[in-house]
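Along the sequence shown, residues are numbered consecutively beginning with 1.
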Amino acid sequence: MSKSLFKWVDSLLVFFVVGPLAGMLIASLRAVDGDRETTPLTSATPLLGALYLLVAGVAACLCGLLGGRLFGRGRGYTLAGLVFGWVAWRTGNARMVLGDLDSGANLLLLAGEGVLAGAIALGAAMVIERFCHLSAEDQGRPGNADLPAPTWAQLLRPAPVPAMLLAMFAAALTASVLAWLFAFSVVKGQCLLAAIIAGVGAGVVSQLILAPKLPDRPAPIWIPLAAMILVAVASAVVARVVLGADVIAAARGTGSIARLQLWPLNRILPLDWIAGALLGARIGTDWAASMLERGVHHADGAQPHAS
């Protein structure tokens, strides 16, 4: 099988087989009241939910590693993101999960789910980045030779710590603003789209800040991914403190004319955030890298690369 043909096969296999199977595991969970609309840790069997989440994370990692080894880091992130996207798709939305009196779900459980799923996703991201090369597309430089995968030192500390913290803070702020603007309902598809848009913005900002420190390669994608995981967890904790017992009324009122509604950041559940980060941050990082490269060529008086 040729490499170009396999590039279609792997995406179709992940989208139509691996992703749906991972999603089926999550969809088999039930809330305390027997409802299907739940999430791994807010279900009646949180330990089983955590196990299913780990299985889905391993599947995402393996798919991402295989695709990344063949086609580059960005391809690996996309395949992993598709698996997590299916997992997120098969969970309930914020109104169903938080607005049901009998479900027992709450924002602190969702924050814990964000920590667990975030750790799994970050682990998968580290494996993909460490063992996958950077294609010309990943570099934003069409026609360039592939770059080798980074060492652990290059991956974990690609730039001085202050620059990394600044990039993470800016990525989190950008993702929060974009999610606030685009998460105008609790519909699952719309929340996933808002998370992807937030991921694109986080990737762009992270790349722009770290580019001067990394002249030869794009910034690691795990940095905007970690930033969005922090937003997912922090927004749930803050909303729990501010809303308290009113979270049920807020969830039920979301999308109506009710005064009390969930904040836009809480309409996006943790698994939505993670899927959006895996899919969007890669796009944003590659896009910013290509813009910077064109800008450098233009400044030097040379013609920019063709897109």
Are [X] and [Y] joined in one hydrophobic group, where the rule is that I, L, V, M, F, W and Y side chains link up if heavy atoms are under 4.5 Å apart?
{"X": "Leu107", "Y": "Val233", "value": "no"}
{"X": "Met126", "Y": "Leu210", "value": "yes"}
{"X": "Ile248", "Y": "Leu110", "value": "yes"}
{"X": "Leu278", "Y": "Leu193", "value": "no"}
{"X": "Val115", "Y": "Leu98", "value": "no"}

Which donor-acceptor pairs under 3.5 Å do the side chains of residues 170-177 make with protein atoms, sequence neighbours left out?
unit_1	atom_1	unit_2	atom_2	d
Thr174	OG1	Ala170	O	2.8
Ser176	OG	Ala172	O	2.8

ring-ring contact (aromatic ring centres under 6.0 Å, His included) with Phe16: which residues, sequence neighbours excluded?
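With neighbours one apart ignored, the set is empty.
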
Option from Asn266, Leu262, Asn106 for which side-chain contact (heavy atoms from CB on, under 4.5 Å) with Val247 holds:
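Going through the options one by one, the only one that passes is Leu262.
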
Strictly below 4.0 Å, N to O, side chains only: are [X] and [Y] in salt-bridge contact?
{"X": "Asp272", "Y": "Lys188", "answer": "yes"}
{"X": "Arg90", "Y": "Glu37", "answer": "no"}
{"X": "Asp100", "Y": "Arg95", "answer": "no"}

Over all heavy atoms of both residues, which pair between [X] and [Y] is shortest? Give the atoms and the distance, please.
{"X": "Ile223", "Y": "Ala167", "value": "CG2-CB, 4.4 Å"}
{"X": "Pro150", "Y": "Cys132", "value": "CD-O, 4.5 Å"}
{"X": "Leu271", "Y": "Ala117", "value": "CD2-CB, 3.8 Å"}
{"X": "Leu53", "Y": "Pro40", "value": "CD1-CG, 4.2 Å"}
{"X": "Pro158", "Y": "Leu214", "value": "O-CD2, 3.1 Å"}
{"X": "Leu134", "Y": "Pro218", "value": "CD1-CD, 4.0 Å"}

Would the distance check show the side chain of [X] and the main-chain N or O of [Y] forming a donor-acceptor pair, the cut-off being under 3.5 Å?
{"X": "Thr285", "Y": "Ala281", "answer": "yes"}
{"X": "Gln139", "Y": "Ala145", "answer": "yes"}
{"X": "Ser206", "Y": "Gly203", "answer": "no"}
{"X": "Thr45", "Y": "Leu47", "answer": "no"}
{"X": "Arg30", "Y": "Ala27", "answer": "yes"}
{"X": "Gln261", "Y": "Ala250", "answer": "no"}
{"X": "Trp86", "Y": "Phe15", "answer": "yes"}
{"X": "Arg267", "Y": "Val186", "answer": "no"}

How many angstroms lie between atom [atom1] of [X] and atom [atom2] of [Y], to the nearest 0.5 angstrom?
{"X": "Cys63", "Y": "Phe84", "atom1": "SG", "atom2": "CZ", "result": "11.0 Å"}
{"X": "Leu79", "Y": "Phe71", "atom1": "CG", "atom2": "CZ", "result": "9.0 Å"}
{"X": "Thr254", "Y": "Leu260", "atom1": "OG1", "atom2": "CG", "result": "8.0 Å"}
{"X": "Gln154", "Y": "Thr151", "atom1": "CD", "atom2": "OG1", "result": "3.5 Å"}
{"X": "Ile209", "Y": "Leu166", "atom1": "CD1", "atom2": "CG", "result": "4.0 Å"}
{"X": "Leu41", "Y": "Leu109", "atom1": "CG", "atom2": "CG", "result": "7.0 Å"}

Quick test of your reading: applying salt bridge (charged side-chain N to carboxylate O under 4.0 Å, His left out), list the pairs with at least one residue in residues 235-253, sequence neighbours left out, ordered by first then second residue.
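Residue pairs with at least one partner in residues 235-253: there are none.
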
The complete set of salt bridge (charged side-chain N to carboxylate O under 4.0 Å, His left out) pairs with one or both residues in residues 112-129, sequence neighbours excluded, reads Arg73-Glu129

Candidate pair Thr38 and Thr91, rule side chain to side chain contact (heavy atoms under 4.5 Å, CB included), full reasoning
CA-CA 6 Å; Thr38 187; Thr91 60; over 6 Å; no

Take Asp286 and Gln207 through the side chain to side chain contact (heavy atoms under 4.5 Å, CB included) test and state the conclusion after the steps.
CA-CA 8 Å; Asp286 294 354; Gln207 172 64 23; over 6 Å; no

Going through the distances and angles, do Thr39 and Thr42 end up as a side chain to side chain contact (heavy atoms under 4.5 Å, CB included)?
CA-CA 5 Å; Thr39 70; Thr42 64; 2.6 Å; yes

Does any non-hydrogen side-chain atom of Ile229 lie less than 4.5 Å from one of Leu225?
yes

Residue pair Leu70 / Asp10, side-chain heavy-atom distance below 4.5 Å
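They are not in side-chain contact.
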
Short side-chain donor-acceptor distance under 3.5 Å, Arg282 and Thr78
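The criterion, which ignores hydrogens and geometry beyond distance, is satisfied for Arg282 and Thr78.
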
Tracing side-chain links under 4.5 Å among I, L, V, M, F, W and Y, which residues wind up in one group with Val231?
Trp180, Met228, Val238, Val242, Trp263, Leu265, Ile268, Trp273

Asp138: partners by side-chain hydrogen bond (donor to acceptor under 3.5 Å, both in side chains), with sequence neighbours left out
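By the side-chain hydrogen bond (donor to acceptor under 3.5 Å, both in side chains) rule, Asp138 matches Ser135.
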
